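Below is one structure, written out as structure tokens, with a few remarks after it.
Both ligands and their constituent atoms are indexed starting at 1 by order of listing. Being a predicted model, the structure only gives us computed values, none of them experimental.
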Amino acid sequence: MILITGATGTIGSEVVRQLAQRGEKVRALTRDPSKAKAKARARVPDGSGSGAEAAVEVVRGDYLDPASVDAAMSGASAVFLVGVLGPDDADRDRALVEQARAAGVHRVVKLSAIGTGDPAVGRVGSWHLPGEQAVRESGLEWTVLRPSAFASNTLSWAEAIRAGEPVPNMTGDGLQGVIDPRDVSEVAVEALLSARHAGHTYTLTGTELLSVPDQAAVLADVLGRPVVTEDLTPDESRARLTEWGMNTEYAEGVLAGSAYVRGGRNAVVTEEVRQVLGRPPRTYREWAVDHRAAFGES
Ligand SMILES: NC(=O)c1ccc[n+]([C@@H]2O[C@H](COP(=O)([O-])OP(=O)(O)OC[C@H]3O[C@@H](n4cnc5c(N)ncnc54)[C@H](OP(=O)(O)O)[C@@H]3O)[C@@H](O)[C@H]2O)c1
């Protein structure tokens, strides 16, 4: 049985779906199974279906409640680890790895982020390091996934686009190897199912380098309506993040990451999705076409 943490999130929900489709026995962890079931109608199979999808078991678990995580780990052979990214989460990430080891899990796949460990990224570049280190030192088979910016981040633009308002741009013309999250999930599934990926740290990107204005242009073309970007200075970005309710430490991390991208330092494209999956990554345009409905298009 494979335990998926972050099972209601962008990457985890798709990992659950893909594993279930392949007939694997899956346990999906969430803090609120009832909410998970509501989301599940769209994404996480809840075990009430027939065929392969009946293999998914949704369980309650909260990283802040170690006993619930221990119970969820029990009987798992492999675990997908989605920590909560933030300055306070290092201990939690380390604890998850220790709990997996203690439960007799033999394989862990950790979702990390591109730029991790690069001092130029600023504080956000260090948030995944303790978790990465813990999996590497765990004695278990491990794989670390360091994806670039998710295409799905632009879902946060939907409301502004529908309202005909500009979408905020905190990264100027900085280019990134934007990746379709479905490709990240597919790589995670391969790493969960095969020992071939043990001991690897994969930096996962799409095939093309795109700035926020580039993404806006693709989206405008796909949706057939204007998508205008609004350049924010770092101070304006800070004010916007605060307005959105983000705590100061986290906001400073986001700003440091934005400065890194703006300065062109995340302009990275790798071959690793292709190497693992044997096909090229999906493009941002493909992602946009498949998610038109989320922007109010049919
Ligand atoms: N967005 C990007 O561009 C990007 C790029 C590279 C890497 N990443 C990395 O991706 C990770 C986030 O993955 P995601 O976007 O798939 O997640 P997400 O959509 O933000 O979902 C977060 C998940 O974490 C779970 N969760 C939150 N707090 C929890 C707790 N206390 N106990 C147990 N579960 C908890 C949530 O489950 P419930 O609410 O159901 O409990 C949910 O499934 C981060 O580590 C980030 O660094 C993101």
Notebook entry, point to check: Under a heavy-atom criterion of less than 4.0 Å, does His128 contact ligand 1?
Noted result: yes
Margin query: For ligand 1, which is the ligand I care about here, please tell me if Ile11 has any N or O atom under 3.5 Å from one of the ligand's N or O atoms.
Written below: yes
Checklist line | Sub-4.0 Å atoms of ligand 1 with respect to non-hydrogen atoms of Thr8 | finding: 36 (C), 37 (O), 38 (P), 39 (O), 40 (O), 42 (C), 43 (O)
Notebook entry, point to check: Atoms of ligand 1 less than 4.0 Å from Ala149 heavy atoms?
Noted result: 3 (O)
Next item on the list: Within a distance under 4.0 Å of any heavy atom of Ala7, pick out the atoms of ligand 1 and give their elements.
Entry: 43 (O)
Note to self: If we count only N and O atoms by modelled type, under 3.5 Å, do the side chains of Thr201 and Arg136 hold a donor and an acceptor together?
What the structure shows: yes
Check: Would you say Asp32 has any N or O atom under 3.5 Å from an N or O of ligand 1, going by distance alone?
Finding: no
Note to self: Test question: given the 4.5 Å side-chain rule for I, L, V, M, F, W and Y, name all other residues clustered with Ile114, or answer none.
What the structure shows: Val268
Next item on the list: Could you tell me whether Gly9 and ligand 1 have an N or O pair separated by under 3.5 Å?
Entry: yes
Checklist line | Matching residue for Arg285 among Asp180, Asp290, Asp221, Asp214 - test: salt bridge (charged side-chain N to carboxylate O under 4.0 Å, His left out) | finding: Asp221
Checklist line | Val82 N/O to ligand 1 N/O under 3.5 Å | finding: no
Next item on the list: Treating Ile, Leu, Val, Met, Phe, Trp and Tyr as nodes and any side-chain heavy-atom pair under 4.5 angstrom as an edge, say whether Tyr202 and Leu193 lie in one connected cluster.
Entry: yes
Note to self: If the cut-off is 4.0 Å to any non-hydrogen atom of Ala113, which atoms of ligand 1 fall inside it?
What the structure shows: 6 (C), 7 (C)
Note to self: Does Asp32 form a side-chain hydrogen bond (donor to acceptor under 3.5 Å, both in side chains) with Ser34? I'd like the steps, not just the answer.
What the structure shows: CA-CA 5 Å; Asp32 185 350; Ser34 61; 2.6 Å; yes
Next item on the list: Before giving the answer on salt bridge (charged side-chain N to carboxylate O under 4.0 Å, His left out), spell out for Asp183 and Arg274 the whole-Å C-alpha distance, their side-chain angles and the decisive distance to 0.1 Å.
Entry: CA-CA 10 Å; Asp183 288 340; Arg274 193 195 295 265; over 6 Å; no
Check: Can Ser112 be said to touch ligand 1, with heavy atoms closer than 4.0 Å?
Finding: yes
Checklist line | Verdict with reasoning, Arg162 to Glu159, per salt bridge (charged side-chain N to carboxylate O under 4.0 Å, His left out) | finding: CA-CA 5 Å; Arg162 275 196 297 267; Glu159 210 178 303; 5.7 Å; no
Item checked: Shortest heavy-atom approach to atom 5 (C) of ligand 1 - which of Ser148, Gly6, Ala72, Ser185 -> Ser148
Notebook entry, point to check: Is any N or O atom of Thr30, backbone or side chain, closer than 3.5 Å to an N or O atom of ligand 1?
Noted result: yes
Notebook entry, point to check: Pick one: which of Asp93, Leu145, Leu96, Thr143 meets side-chain contact (heavy atoms from CB on, under 4.5 Å) with Lys110?
Noted result: Asp93
Check: Which of the numbered atoms in ligand 1 are below 4.0 angstrom from a heavy atom of Asn153?
Finding: 1 (N), 2 (C), 3 (O)
Checklist line | From CA spacing to verdict: salt bridge (charged side-chain N to carboxylate O under 4.0 Å, His left out), Glu230, Arg240 | finding: CA-CA 12 Å; Glu230 172 192 21; Arg240 197 68 67 93; 3.4 Å; yes
